[in-house]
Amino acid sequence: MNITFVTVGKIKENYFRDAVAEYQKRLSKYCKLEIIEVADEKTPDKASAILEDQIRQKEAERILKCIKENAYCIALAIDGKKRDSVNLAEHIEQLGLSGKSNLVFVIGGSLGLHDSVVKRADERLSFSDMTFPHQLMRVILIEQIYRCYRIINGEPYHK
């Protein structure tokens, strides 16, 4: 399976970069993982709703260029479907068995995702009703994908 993360912005903190690198190494025995970082737009303090939408739209244009037409796209969104780890593993396994071998997970920037990205997505996935920094969300997502592959392969994982 080919898995791609399309994310807005770069990870600035070394501890987040180290965590992503560790899980990327662990995942290499299960799947091919690519992480594509698109540039984020600076958001001025007290930006208007119109300006915020324009910023999301600029980021969306960059995101959409990175999603191949045949990819199954999962957008991380607070209003998406919530799954536990076992259910997510079963879902990823079913996607693979049904011929969807290119999965793209999209993590938006600090303002979230533009509607055009949500419309392109085949589904929306939520990890919580809480909001997380997009850099931390990348660590959470990669850990959960690793956990999914451990579950799929019947290997022990920490509960």
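In this structure the side chain of Ile74 never reaches within 4.5 angstrom of the side chain of Arg124, judged on heavy atoms. Considering only heavy atoms from C-beta on, Asp40 comes within 4.5 Å of Glu59 through its side chain. At a threshold of 4.5 Å between non-hydrogen side-chain atoms, the residues Leu103 and Ile92 count as touching. Using a 4.5 Å cut-off on side-chain heavy atoms (C-beta onward), Gln135 and Lys12 make contact. Side-chain contact between Ile63 and Val8 is present, with at least one heavy-atom pair separated by less than 4.5 Å. Looking at Ile11 and Val20, their side chains come closer than 4.5 Å, going by heavy atoms from C-beta outward. In this structure the side chain of Leu76 never reaches within 4.5 angstrom of the side chain of Ser126, judged on heavy atoms.
Ion pairing between Glu22 and Lys25 holds under the 4.0 Å rule for side-chain N and carboxylate O. A salt bridge between Arg62 and Glu37 is absent, with no side-chain N of the basic residue lying under 4.0 Å from a carboxylate O of the acidic one. Taking the charged nitrogens against the carboxylate oxygens, Glu61 and Lys65 have no contact shorter than 4.0 Å, which rules out a salt bridge.
When all heavy atoms of Asp122 and Ala71 are compared, the pair lying nearest together is OD2-O, 3.7 Å. Contact record, Arg120 with Lys68: NH2-O, 3.1 Å, taken as the closest heavy-atom pair. Nearest heavy-atom pair, Lys82 versus Ser128, reported as atom, atom and distance to 0.1 Å: CE-C, 4.1 Å. The nearest pair of heavy atoms linking Gly108 to Leu113 is CA-CD2, 3.4 Å.
Rounded to the nearest 0.5 Å, atoms CG (Asp53) and OG (Ser48) are 9.5 Å apart. If you take CZ on Arg138 and CD on Gln24, they are separated by 9.5 Å, rounding to the nearest 0.5 Å. Note that CG of Leu141 and CD1 of Ile107 are 5.0 Å apart. Values are rounded to the nearest 0.5 Å.
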Does Gln144 form a side-chain hydrogen bond (donor to acceptor under 3.5 Å, both in side chains) with Ser85? I'd like the steps, not just the answer. CA-CA 7 Å; Gln144 283 298 302; Ser85 298; 2.7 Å; yes
How far apart are the C-alpha atoms of Arg56 and Asp115, what are their side-chain angles, what is the distance that settles it, and do they pass the salt bridge (charged side-chain N to carboxylate O under 4.0 Å, His left out) test? CA-CA 9 Å; Arg56 278 190 296 272; Asp115 287 343; over 6 Å; no
Step-by-step salt bridge (charged side-chain N to carboxylate O under 4.0 Å, His left out) determination, Glu143 to Arg147: CA-CA 6 Å; Glu143 186 280 333; Arg147 184 179 296 263; 2.8 Å; yes
Yes or no on side-chain contact (heavy atoms from CB on, under 4.5 Å) for Val106 and Phe5, after CA distance, side-chain angles and deciding distance? CA-CA 6 Å; Val106 179; Phe5 291 2; over 6 Å; no
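Of the residues listed (Phe16, Tyr146, Tyr149), the one engaging Tyr23 in a ring pair (Phe, Tyr, Trp, His ring centres under 6.0 Å) is Tyr146, and it is the only one. For the side-chain contact (heavy atoms from CB on, under 4.5 Å) test with Glu34, the passing option among Ile3, Thr4, Asn2 is Thr4; the others fail.
Side-chain polar atoms of His91 and Glu123 form a donor-acceptor pair below 3.5 angstrom. Checking Gln57 against Ser116 by side-chain atom types alone, no donor-acceptor pair falls below 3.5 Å.
Side-chain heavy atoms closer than 4.5 Å link hydrophobic residues (I, L, V, M, F, W, Y) into clusters, and following such links, possibly through other members, connects Leu95 to Leu33. No continuous path of ILVMFWY side-chain contacts below 4.5 Å connects Ile140 to Ile151, so the two sit in separate hydrophobic clusters. Val139 is not connected to Val6 by any chain of hydrophobic side-chain contacts under 4.5 Å among Ile, Leu, Val, Met, Phe, Trp and Tyr, and they are in different clusters. Hydrophobic clustering, with ILVMFWY side chains joined whenever heavy atoms are under 4.5 angstrom apart, groups Leu136 together with Phe105. Both Tyr15 and Ile142 belong to a single network of hydrophobic side chains, linked directly or stepwise wherever heavy atoms of I, L, V, M, F, W or Y lie under 4.5 Å apart.
With a 4.5 Å cut-off between side-chain heavy atoms of Ile, Leu, Val, Met, Phe, Trp and Tyr, the cluster of Leu111 takes in Leu51, Ile55.
A salt bridge (charged side-chain N to carboxylate O under 4.0 Å, His left out) check over residues 99-110, counting only residues at least two apart or in different chains, returns nothing.
Within a 6.0 Å sphere centred on CD1 of Ile50, other residues, nucleotides and ligands contribute 12 heavy atoms or fewer.
Every residue two or more places apart in sequence or in another chain that forms a side chain to side chain donor-acceptor pair (under 3.5 Å) with Glu155 is listed here: Tyr30, Arg150.
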